[in-house]
Every structure is written in C-alpha cells, then in structure tokens.
Amino acid sequence: MMDFLLQYFPEQAGLLSAEVDAIYIFMLAVSLFFTVLVVALSVIFSIQYRKRNEKMPEAIHGNLVLELTWTGIPLLLTLFMFAWGTAVYIKQVRIPENAKEIFVVGKQWMWKIQHGEGPREMNELHVPINQPIKLTMTSEDVIHSFYIPAMRMKQDTVPGRYSFMWFQATKPGKYHIFCAEYCGTKHSGMIGSLYAMEPADYQKWLDERIKNPLEPVANQPASSSSVESPVVHGEKLFTELKCITCHSQTSGAMGPDLAGLFGRDVKLEDGRTVPADETYLRHSIINPADGIVQGYSALMPTYKGQVSEEQLLSLVAYIKSLQSKKN
Amino acid sequence: MESKKNYLTNGHTVGSWLLTIDHKRIGILYLLSVTAFFMLGGFFALLLRLELLTPRGDLFTSDIYNRIFTMHGVAMVFFFMIPAIPAAIGNFVLPIMVGAKDLAFPRINLLSWYLYIIGAALAFVSIVMGGVDTGWTFYTPYSSTYSTSAVTSAALGVFIAGFSSILTGLNFIVTVHKMRAPGMTWFRLPLFVWAHYATSLIMILGTPVIAVTVLLVFLERAFGFGFFDPRLGGDPVLFQHLFWFYSHPAVYIMILPSMGVISELVAAFTKKRPFGYEFIAGSSLAIALLGFFVWGHHMFVSSQSMYAGIVFSIITFLVGVPSAVKIFNWLATFYKGSITFETPMIYVLGFFGLFMVGGLTGLFLAIMAIDVHVHDTYFVVAHFHYIMVGGTVMGYLGGLHYWWPKMSGKMYNEALGRIAAIGIFLGFNLTFFPQFIAGYLGMPRRYHIYAEEFQIFNILSTGGAMVLGLSFIIPIFNMLWSLKFGKDAPANPWNAKGLEWTIPSPPTTHNFETTPIVTEEAYAYAPHDKGGH
Ligand SMILES: [Cu+2]
Ligand SMILES: [Cu+2]
C-alpha cells in the first residue's frame, strides 16, 4: 500500500521534503473531504428534489447563520493552511549560517556550477549529504529556474541580480535538476543531475576534481577554468583588472576601502541608503555610475561587457572575504 | 410590416451584419469569432498532446513545439477565454436582462468587435510569420530581447484586443447604470448582470496595465528602450509584476461571468431564487476588487522578498474563500427545488465538480511551501485548466445551450447535448487529472522532451484530450444541426424567469415593443414570495 502511494511522490531526499509532503497530504485530505461533500450533496439533492409536479417550490431567501458557518469554517481552515505553509516556507528560505557555498550560473541552455573550493562542473552538481548547501545563482541571459524535485526546492535565476537557494540532501543518490522557467528553444534540455554523496565520497570526488579539472569552458578565458577557489580567483582578478589601484587599503586611495563593506549599509550621494549585498556589489562593478558612494566621485570605470558572470561571482566572493579577514 | 421581423431576418446583406449596431448581432459576430479561435487553440492543443505521447521529440522540433504551446495559450486566453462569455453571451443578453433596447453606446460596441478582429488578425499574422515562442506570458527579457520569433505582431495584437475589452466593460457599466427599465432596481438585477458589472470593473481597471506592459515589450524589442533587460539597464522582474497585476484579475474576467451564468442556470433549473442572492452579488464585487492584490502569488520563487510572499499568500487565501462559498450557495438553492436536468443543468453539475478541484488546488498553490515545489510544473497547468476549462468553458457551454433558443429561435437536440456535456466532463478529467500527479512528481511545464517516468501520465492525458476534442465538436454540430432541423423555440422554453424570456425567440431588433415595467425581483418563481426588495 505504502509503495503504491509512494510512486506518486518524488523521492524524499531532502531535509524539508517530508515536511512539504506532509502539508500536501493534509491538503489532499481536506480536498477529498470537500469534494466528496459537494458531490454527495449534489447527487442527493438532485435525486431528492427532482421535479415531481408542476408546483413551484417556495423561495428560501437565505440564512445568515448558515452563511456565516460555511464562510467561517473554510476561513479558519485556510488560515491554518497559511500558517503551516508559511512556517515551512520560512525554513525553505532562511539559509543556515554553516551552509557550504556553491555558485550557479544559468545560460541558454546549461548550468555552470562552481564549488567554493574551486572545481567547476557542468549540468552536474555533486554535494555531500547531511550538510546544508547554499547556491548563489545568477543568469547570463534570460530568466531560468533551478529546480530539484527531490529536494522540493526551486528558485529562479535572474540576469542582473543574485538569488539564493539552499537544501540539504539526506539520502545518497542521483536526482533530477530541471530548468523550470521557460527560456527558449532547449528549455526542456536544460537539465542535469544532482549527485548526493557520503561526505567521504564527496571529499574524494573533490580532490580528484582539483587534480584533474574539467576542460576549459569554451568562450571563457583560460584563467577561469583553473581550479582556484572563487576567492583566490577573485583576488587575482582584482589585481589584473586594476581594481587594486583605486581600492588599495592605503589612505588617499581614489575609491572606498572594500574591507568590511559586505553586509553594511552604504550611503549614496543621492541620499539613498542601500544594503551592500551580493547584488549591490555586482551592480557597483557593472554600473558604478548608478549609485555613487557618499564622499566619492564618479571615477570608477564601468566593467560592463569586460567581465563574465563567473568572474563577477569571483570578484564578489573576494570582496565578501575581505570582510571575514577583518573579523 | 417591419416590426414583425426578428433581428436575424431584419437585413440579409453582409453589410447589414458587418455594420450592425444591434447588440444581438454583434453578440453573434463575437460568438463566431471566439468559436473560430477556440477551434484554432484546440487544434494547437491536440498537436501538443500528440507530441507528448512519448518523452522524445517525435513530431516537431523544440522550436516548433514552443511556438505551438505559445499560440495555444495566446489564442485561448486573449481571443477566446476573455471575450467568450462577456462579449458573446453578455452582449446578447445583458441589455435584454436590464430591459433595454441596446447597450448604452451601440457604435462603440461595434468598434469593440473591430478592435478584437484587428488584434486577432495581428496575432494571426504572427502565426503566418512563423509563430511566437515566448509563452502566452511573454516573460522578459526572453520576449523583449532574446526571442527571434514574431513577438512584435503578437504583442501588438494583444495590445489592441485589450482595448476591445476596455470598451466592452465601459459599455456594460454605463448600460447597467443608465439603461435599466423602470422598476429594475439594483437588487432586482439578475446575478448574471452583477457578475458582468464586476467583470467590467476589472476590464476597465486592469486591461490598461497589460496593454501598456506589452507595449513596453514592443518598445524594448523595436527600439532598444531598456525597461526589462538588465543589459539595457532594465529590471526583468518588473515585467512579472506588471503582467500579473493584470493577469491575475484576468482570471476573474474569465471566471466571474461564468459564475454569473451558473447562477442563472441554477435558478432556472431548480425553479428557485438563488440562496443568498445578495451575498452572491456582493461577493462578485469583492472578488473583483481583492483580485488586484494577489498578483505576487505567481512570483514566490522569482526572488521576490520573503515578506512580500507572505502578504500575497494570505490575501490569496482570503480571496479564495468567497469564491469557494458560492458553491455552497448554489447547492443550497437545490434544496427543496423542483429540479430538471436539461443540457445546461448537466453543465452546471460538471462545473461544480471541476471548479471544486480547480479551487481546492488553488489553495495548494497559495501555500508557499508547496508552491516552491510545484510552481511552473504540470501541477499548475492542471490547476488553471480546471479553473479555466472546468470553470469558464463549462459555464460558457452551459450558457450557450441555455440561451441558444433565444439567439437562434431553434431548439438543439437534447440527447446530443447531454452526451456532449458528459463526454466533456469525463474527457476533461482524464486529460488533466494525471497532470496533477506528473506535476507533483516534478515534471516542469513547457517541456518538449521529458523524463521517461512521466510518460504514463502523458499517455493518459493524450487519451483524455482525444475524448475531450471529440466531445467539443458535438455542440458545434448540434447548434448547426438545430438551425436547419431544430424545432422552433417558444419564447420561454425553460419556463424560466427573466426579461429575456418574456420576448419572442428570436427577439425583434428592438427587443421590447414597449419598455417593460418591472414589478418583481429577478427570480420570482415562488407563488407566495413577495421578493426581498
Ligand atoms: Cu528554461
Ligand atoms: Cu493569480
């Protein structure tokens, strides 16, 4: 019986899968109840009150108590659904502090993935089980959506900003990754596999990948395919792209000191205050003129078109790490 | 004598139809046009279902497949579902129901139809130019910069068709305010009129937003203005906000008129005043207004903030309740009625079943924890087909059968009518129920090629679609058959209340020889009932 039912559920391989399924099963029960109720009443009334003679029935104008009852009960039920659903949703979006960071770039029609330790993969994602994984995601072109049914999780990847998603695999295995947001010709081919592994196996895989990196990705500069962690790669880029000349931590530099920037609120010349999150850092590099930091002038050149999304991710990761050095 | 002629025989030339300002003839023009688009959209659906029989791509390339599902959506949503009940049936019966000789602005009514036709023609041009591949949702920046298909003409088509619905809405509102016959107080209006009044409010308030939004897409495509593409300095998610600000209420543009039809049918075939008339009337308005505050439930995983998600989720539940409760009102009307089961009533029963499932699965989707999983999967596809086909099309067909004798002056074949209604109900469930399962298992929508484990559900779906397709042909055949062979319809074949049943079938051009004076409420079936107002 259980097996028979389970084939109508995707594998419960994530920390929250069972919680989502529990709400789903509750909803199925509620739906079944009301559907049976309505069907039964329709049938019974249809038979009982079918036309028997030419007499016109008496009118029943309404009944306030009845109206209040059948509005009140569904209302209470839906409030309960809302509360439960929201409680689980908050778990789905609140990313645990100790999550292992992985970067995802969507592109028509592939998923480019880089681990915090450096290795890259394509349309495949290897993760250790029983550890929260945080995906920092963006897109190079149109909107895609990173979807892992076995984890009951999905999140759109939006060009021009970063979005985040986390999950924790609980069962080793190979699971689907789908693109869920329609993105053009090969939308249905923008698929991949999640490999959830025992931590020791994952470590082996990681070491192997650090020794034998993937071939350089076509149309990417060679430097970006080497096995460096995004932070190390970002530090190199910081020098290569001459960011360092203006953002050195010496006094008298043209640009603001970037250490400790991430997570702070930044005051801009036009009076706005914005939180320095990942999307802000990215934006400051691509469109520096959009928001000038208070006390500085618009001297920073735009890097639009000169750095790839992967390089941007590395720069952002590096600037974020400047934070942790200070602490 | 001129006045002996009915509206159908009053002029036989093509010009007498294409330049008519008679709301009934314009209703018929709409009926023919929306039926054409229904058949076109249905044809596309059939192609999709055939392709999806196997997980591989067998019949079409992905590019073609993407165009087919887009054209299916565009044809069905913008050119069938939105205008179907208001512009075809509403145009015909609404003025008669309030006791008027025509709508307030007959010429603007004709203009509406021409705008619709121009919009439809542009959409058709985009098919001829190779089709559009953006999905009916036109999400940016795919639609505005990346797609190489004929987006421009389709977007313009939707833009222009939008004005057709704005004008229809305006016409209905003014008509209900200004043209009611003496004695026709607000609370004597049939619920069909209340539903159309609420729908018209949405058309007027919401449609300009979608019109401007697709115009912005057009401008970004044609001239490179940066509204939505981040490379041009735009925000892709802004589009989704604008799009759903209209398109969620648009769901109510499709469903409220159908609820209006169901209220009429329930009253007519139980011979009773709908239980809680005031409540049903008021809830139409409440749904129309609240419907503007829930658009974000389409964007729970779009990177919208958690708090926005929570607010949209709770409001969505609140809007759900009044819609759900209407079912109880209709059912309570059955209680102690004198019920008969002609074809329209079969559609009512079908509507109950399908709309129940559609509404309940809507609650699943309002629960964010579940939506994160099933958003953009077949679960959503199944849900909105239960609402739109189960809700809107069942109401539309039920209403069409109900008022057909009035429109055509002929009776259709009752047995055939019932068989079709049952066939549609069964075929529909077979088509769409398996999609809930496939969706929860994780099959994404708009997938040309899919994982093998989903095949069984797709086979069932395709089988159901064949039954559904065949059943849809029966009413078309039945109506055409009735024109030639049907019995002449009496003025009131259903023994129903309502001003439209007091005049001949088909009506004369001016509907009423003398302005009617209304002395009772809309559903004065009961012998001893003085009416509430
Ligand atoms: Cu995609
Ligand atoms: Cu909606």
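In what follows, chains are A, B, ... by sequence order, proteins preceding strands, each numbered from 1. Please read these numbers as outputs of a predicted model, since none were measured by experiment. Just the heavy atoms: all of them, side chains too, but no hydrogens, waters or symmetry mates, feed the values below.
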Using non-hydrogen atoms only, which part of Phe269(B) is less than 4.5 Å away from chain A: side chain, backbone, both, or neither? neither

Between Leu318(B) and chain A, with a heavy-atom cut-off of 4.5 Å, which part of the residue counts as in contact: side chain, backbone, both or neither? side chain

Looking at Ser31(A), Ser17(A), Pro74(A), Gly305(A), which has the largest count of heavy-atom pairs under 4.5 Å with chain B? Ser31(A)

Highest number of heavy-atom pairs under 4.5 Å with chain B among Tyr8(A), Tyr24(A), Tyr89(A) belongs to Tyr24(A)

Do the rings of Phe45(A) and Tyr335(B) sit parallel, tilted or perpendicular, given the 30° and 60° boundaries? tilted

Side chain, backbone, both or neither of Thr361(B) within contact of chain A (heavy atoms, under 4.5 Å): neither

When Ile367(B), Leu331(B), Asp63(B), Thr340(B) are compared by non-hydrogen pairs under 4.5 Å with chain A, the top option: Leu331(B)

Look at Asp290(A), Leu75(A), Ile23(A) and state which one has the largest set of heavy-atom pairs under 4.5 Å with chain B. Ile23(A)

Residue part contacting chain A, namely of Phe300(B), when any heavy atom lies under 4.5 Å: backbone

Which is it for Gln108(A) and Tyr142(B) under the side chain to side chain contact (heavy atoms under 4.5 Å, CB included) test, yes or no, and what are the steps along the way? CA-CA 11 Å; Gln108(A) 283 177 328; Tyr142(B) 185 70; 3.6 Å; yes

Give, as side chain, backbone, both or neither, the part of Arg67(B) having an atom under 4.5 angstrom from any heavy atom of chain A. neither

Could you look at Met356(B) and say if it's the side chain, the backbone, both or neither that has a heavy atom under 4.5 Å from chain A? side chain

Is it the backbone or the side chain of Asn329(B) that comes under 4.5 Å from a heavy atom of chain A, or both, or neither? both

When you check the side-chain N and O atoms of Tyr182(A) and Asn66(B), is any donor under 3.5 Å from an acceptor? yes

For Arg161(A) and Ser302(B), work out which heavy atoms get closest and say how close. NH1-O, 4.5 Å

CA sep, side-chain torsions, deciding dist, call: Glu67(A), Glu278(B), side chain to side chain contact (heavy atoms under 4.5 Å, CB included): CA-CA 11 Å; Glu67(A) 299 261 11; Glu278(B) 295 83 357; over 6 Å; no

Against chain A, work out which of Ile437(B), Ile314(B), Ile310(B), Val321(B) has the most heavy-atom pairs shorter than 4.5 Å and name it. Ile314(B)

Could you tell me which of Thr185(A), Leu37(A), Val88(A) has the largest number of non-hydrogen atom pairs under 4.5 Å with chain B? Thr185(A)

Can you confirm whether more than 12 heavy atoms, excluding those of Lys171(A), are under 6.0 Å from its NZ atom? yes

Indicate the atoms forming the closest heavy-atom contact of Pro159(A) with Pro236(B), along with that distance. O-CG, 4.0 Å

Between Phe317(B), Phe341(B), Phe334(B), who has the most heavy-atom pairs with chain A when the cutoff is under 4.5 Å? Phe317(B)

Of the backbone (N, CA, C, O) and the side chain (C-beta and beyond), which part of Glu19(A) lies under 4.5 Å from a heavy atom of chain B, both, or neither? neither

With no hydrogens and no angle check, is any side-chain donor or acceptor of Lys304(A) less than 3.5 Å from a backbone partner on Arg231(B)? yes

Just give me the residue among His187(A), Lys186(A), Met153(A), Arg50(A) that pairs up with chain B most often, heavy atom to heavy atom, under 4.5 Å. His187(A)

Winner by heavy-atom pair count (cut-off under 4.5 Å) against chain A, out of Met306(B), Arg446(B), Lys336(B): Lys336(B)

Less than 4.5 Å to any heavy atom of chain A: does that hold for the side chain of Thr377(B), its backbone, both, or neither? side chain

Closest non-hydrogen atom pair between Tyr146(B) and Glu140(A), with its separation: OH-O, 4.0 Å

In this structure, is the centre-to-centre distance between the rings of Trp70(A) and Phe279(B) below 6.0 Å? no

Whether Tyr447(B) side chain and Cys179(A) backbone form a donor-acceptor pair below 3.5 Å: yes

Counting only heavy atoms closer than 4.5 Å, note whether Ser147(B) contacts chain A via side chain, backbone, both or neither. neither

Would you mind checking which part of Val325(B) comes under 4.5 Å of any heavy atom in chain A, side chain (CB onward), backbone (N, CA, C, O), both or neither? both

Option that, when pairs with chain A are counted at under 4.5 Å, heavy atom only, ranks first among Phe352(B), Phe364(B), Tyr139(B): Phe364(B)

Give, as side chain, backbone, both or neither, the part of Phe355(B) having an atom under 4.5 angstrom from any heavy atom of chain A. neither

Please check: side-chain N/O of Lys154(A) versus main-chain N/O of Val372(B), any donor-acceptor pairing under 3.5 Å? yes

Give, as side chain, backbone, both or neither, the part of Ile449(B) having an atom under 4.5 angstrom from any heavy atom of chain A. both

Quick one: of Ala180(A), Gly160(A), Ala87(A), Ser163(A), who has the most non-hydrogen atom pairs under 4.5 Å with chain B? Ala180(A)

For the residue pair Ala369(B) and Val20(A), what are the closest heavy atoms and their distance? O-CG1, 3.8 Å

Proximity breakdown for Phe69(B) and chain A, heavy-atom pairs closer than 4.5 Å: side chain

Quick check on Phe379(B) against chain A: is it the side chain, the backbone, both or neither that has a heavy atom closer than 4.5 Å? side chain

